[in-house]
Structure formats: structure tokens, C-alpha cells
Protein chains: 2
Amino acid sequence: MGRPRTFDIDAAVDRAMTLFWRQGFEATSTEDLVEGLGITRGSLYKAFGSKEQLYAMALRRYCQHHAAGLIEMLDRAEQVRPAIRAALLELVEADLADPVPGCLLVNAATERSAHADTVQQVSSTMGQVESALAGALERARARGEIAADKEPRELAQFLTTFLQGLRVMGKARANRAFLENAVEVAVRALD
Amino acid sequence: MGRPRTFDIDAAVDRAMTLFWRQGFEATSTEDLVEGLGITRGSLYKAFGSKEQLYAMALRRYCQHHAAGLIEMLDRAEQVRPAIRAALLELVEADLADPVPGCLLVNAATERSAHADTVQQVSSTMGQVESALAGALERARARGEIAADKEPRELAQFLTTFLQGLRVMGKARANRAFLENAVEVAVRALD
DNA sequence: CCAGTTGTTGACTGATCGGTTCCTAATTCG
DNA sequence: CGAATTAGGAACCGATCAGTCAACAACTGG
């Protein structure tokens, strides 16, 4: 009942995600959001409550989208090591193409480490990534793809950590040789 | 000539560094700085010009301090691998003790990736870290500490990247077992 | 001691911040 | 058709933002 919304709320969250991703939470004003989402101030607050809540929704969207992408990629992979290598090199390409946005998860972890809700969301997604990697590596070990004496969980924790470093270096020193060398050493660590 | 300054400018930059470190550039107001530095608004602007310039000075201070610390540690080390391991585990301890500040370099790279000056400063410091690691690994290889078929520069690029990831995970998921496992796998990659 | 120089101080500036309010518009249910 | 409900829109809110200014204070060289 009541007047129907004239804008697509999912599309609006997507646009907000892009803004927060590129500019960060603090540097994105409500005016930026009003303009970027193409709706008025009143509608924005009616629909999302506050800048904080909209950020939380945008971050959740990013987490679902990106964790899902990685998990699917790992599940579909016939060989795990090449799949992981390809996934890391794909991130390198993304950073080389446009170093500014980087990874919203990393940005959230660093800019908003004093905000419990944000840290919780980030931590939970990192946990999902870790688990997906650990599962894939476990399967790889069972198939003899990686050595039996390696602990999949430990390798996954290592890779999860390395992955975040890659996103940081992509912003700080977006140099192809550097990033690709780092990836090759990291992937070799799985042997 | 002229009236002498009544505050220690180095101490003021140090305090500003601490504020920017914990809160980020955007979230630190000039009022925070006035209060934290214990000087008045006018003096702050007379001495530092702008919030941007003070941030640049604080970041430079951090870079000099931290790059120097790591380089010295590597130079003094008798065995390189244990030294690197110890350095990484020290960072883990710092993040476990207080996950909020993390690393100002990482914070700068993520929050201010659209500001060329900041990115330049960060990139240059990462380069110094990379070079220090590469030099230490080169010496280690010459002494037979690590395998002859490993490229010190590539290992250094890998370690530099991993190091940044460690600082991110320290904020996002400050869990001892996780971080220590990641470090062990990373150090093993040097063999 | 005085002119010149620089630092200190606190009030002040216009702009922008995140958020609210009030009125109107559009819909559903009875 | 109303009554109820919800969205849209624009003006508006106090607070805070980064930065400036003019008067005053403390120093040096002549």
C-alpha cells in the first residue's frame, strides 16, 4: 500500500557501492549520493535511513557479489592451482586497468576499523574466502594435486592474506612486473 | 629573527601522525589537530600551511621512521630468514595488541589513492622496503642461506606484498592463529 | 629604544556536513 | 469515493568543516 517507489532500490545500492568504493565513506557526501543515485535527499533517507546504513548495504552487496564470484570460480575449477593463479592475475589486471578503486573490502577494513559493524562484515567475508580456498585446496590435496604434508587451512589463510596485500600494492605501486612476480612466488608456495 | 615558536614542531608532527594514523585523513578534523597538538588554529596554519601539508609531513615522518627500522633490522641480521620471520611476527603482535591503527602506509594507500602526492610517497617507501628485502635476500643467497635458483628481487616483491596483506588482515581479522599460520607459509616460500 | 619580523590568539568566514520537516503525489483497501 | 499509507521534493536545520584575519606579543639587528 502507499505510493510505489519510482526508482530501483537495488540499482541505487549498486550506484552507492560504486561511489563508496571509489571515494571511501568519509569522502562521499550525502550530496554525492543524491546526485549519483539520481534521487532526492528525502527519498534517500526514507529508503535507507542514513549514510551509515546505506554504506552497510553497499558493503554487504559487494561482499556477496565478490565472495560469490571467487567461490564459484574455485568450485568450477578442474585444477585448483591454475584457478587460484588465474584469479590472482585477474585482480592484478583490474588494478592495472584502474588503480583508484582497489578493493572495497580492503578500503572498509582500513578506513573503518573503529566501526564494529563494518569490521564484522569484512571479517565474515574474509572467513568465507578462506573457507572456499581451504575447501578447494583440500580437494586438490585429495586428488594429489598438492603435497600431502601441506595444511589446506594454513595455505588458505596465507592466500587470503596475500590477496589483500595484492589489492594494496595494486593501488600503491601498480606495476605489472612487480605484481606478477609476487603472484608467481605466492602460487609456488602451494607446492 | 621574529618571535620564537613556543612549541616543538617535530613533536607536533609526531602527534599529527598519531591522529592521522588512528583516524585517517578525512576523519581527522582541524579541530582534532588543534586539540591534539596543543596549539591554536592560527599557529597550526602558520606552521604547516594546510591540513594536506601537515598530513604529507606526518606521512613522510612515518615512512622514514618505519622504513629505517626495517632496513636496520635486515642489515643487522646474521640470518635473513629468521630476521624476516621475526619482523613479520612483530607486526602480528602489534596488530593483536591494537588492531585499530594498523599501518599508516596502508591506510594512506587505500584512503588517498586518488591523491598523486600521497601515492607517490607510499610507492617510494614500498620501493625502499622492497630494495632492503632484496638486498638482504641477495646476501642470504650468496651465503647459501637460500636456494640459488630463487630470484631475490621476486622474493622481495612477494614479501612486500604479503606484508601489506598482513596489515590489512590484522585490522580485519586480528586472530593470532590465522596471522601466524599465514606468516609461516610465507616464510616457507623463501626456501 | 625602535623598526622589522615572525609567532600567538581567538573571533570570524562562507561552505558544506548529515539529517529533518512539511507539503504534495500516488497508490491500496474498504 | 474517501481514509490510510507511503514516496517525492525542496526548503530548511544546527553543527561542523577547512581556512583567514587583525590585533597583539616576543624576538633581533641597528
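Lettering follows sequence order; numbering is per chain, from 1.
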By nearest nucleotide on DNA chain D, pick out whichever of B:P4 and B:T30 is the more 5' one.
B:T30

Opening and closing nucleotides of DNA chain C in contact with chain B, under 4.0 Å to non-hydrogen atoms
C:dG4 to C:dA11

Between D:dA18 (C1') and B:E35 (CD): distance, integer Å:
17 Å

Nearest atoms (heavy-atom pairs only) where B:A182 meets A:Q157
CB-O, 3.8 Å

Please list, in numerical order, the residues of residues 38-49 of chain B that have a heavy atom closer than 4.0 Å to any atom of DNA chain C.
B:T40, B:R41, B:G42, B:S43, B:K46

Parallel, tilted or perpendicular: which one describes the rings of A:F25 and A:H115, with boundaries at 30° and 60°?
tilted

How far apart are the C-alpha atoms of B:Y45 and B:T30, what are their side-chain angles, what is the distance that settles it, and do they pass the side chain to side chain contact (heavy atoms under 4.5 Å, CB included) test?
CA-CA 10 Å; B:Y45 276 87; B:T30 53; 3.3 Å; yes

Separation of atom CD in B:E31 from atom C1' in D:dG19, rounded to whole Å:
13 Å

What is the distance, to the nearest angstrom, from the CE atom on A:M1 to the P atom on D:dG2?
17 Å

Before accepting this row, confirm whether a basic side-chain N of the pair B:D191/B:K150 lies closer than 4.0 Å to the acidic partner's carboxylate O.
no

Trace of the salt bridge (Lys or Arg N to Asp or Glu O under 4.0 Å) decision for B:D117 with B:R112
CA-CA 9 Å; B:D117 292 354; B:R112 292 175 64 72; over 6 Å; no

Under 4.0 Å: is that the gap between some side-chain N or O of B:R3 and OP1 or OP2 of D:dA25?
no

So does B:G102 get a backbone contact from the side chain of B:W21, meaning a donor-acceptor N/O pair under 3.5 Å?
yes

Cationic tip of A:R153 above B:F178 ring, under 6.0 Å, 45° of axis
no

Atom CZ of B:F7 to atom C1' of D:dA25: distance rounded to whole Å?
16 Å

Checking the side chain of B:N107 only, and the main-chain atoms of B:P101 only, is there a donor and an acceptor separated by less than 3.5 Å?
yes

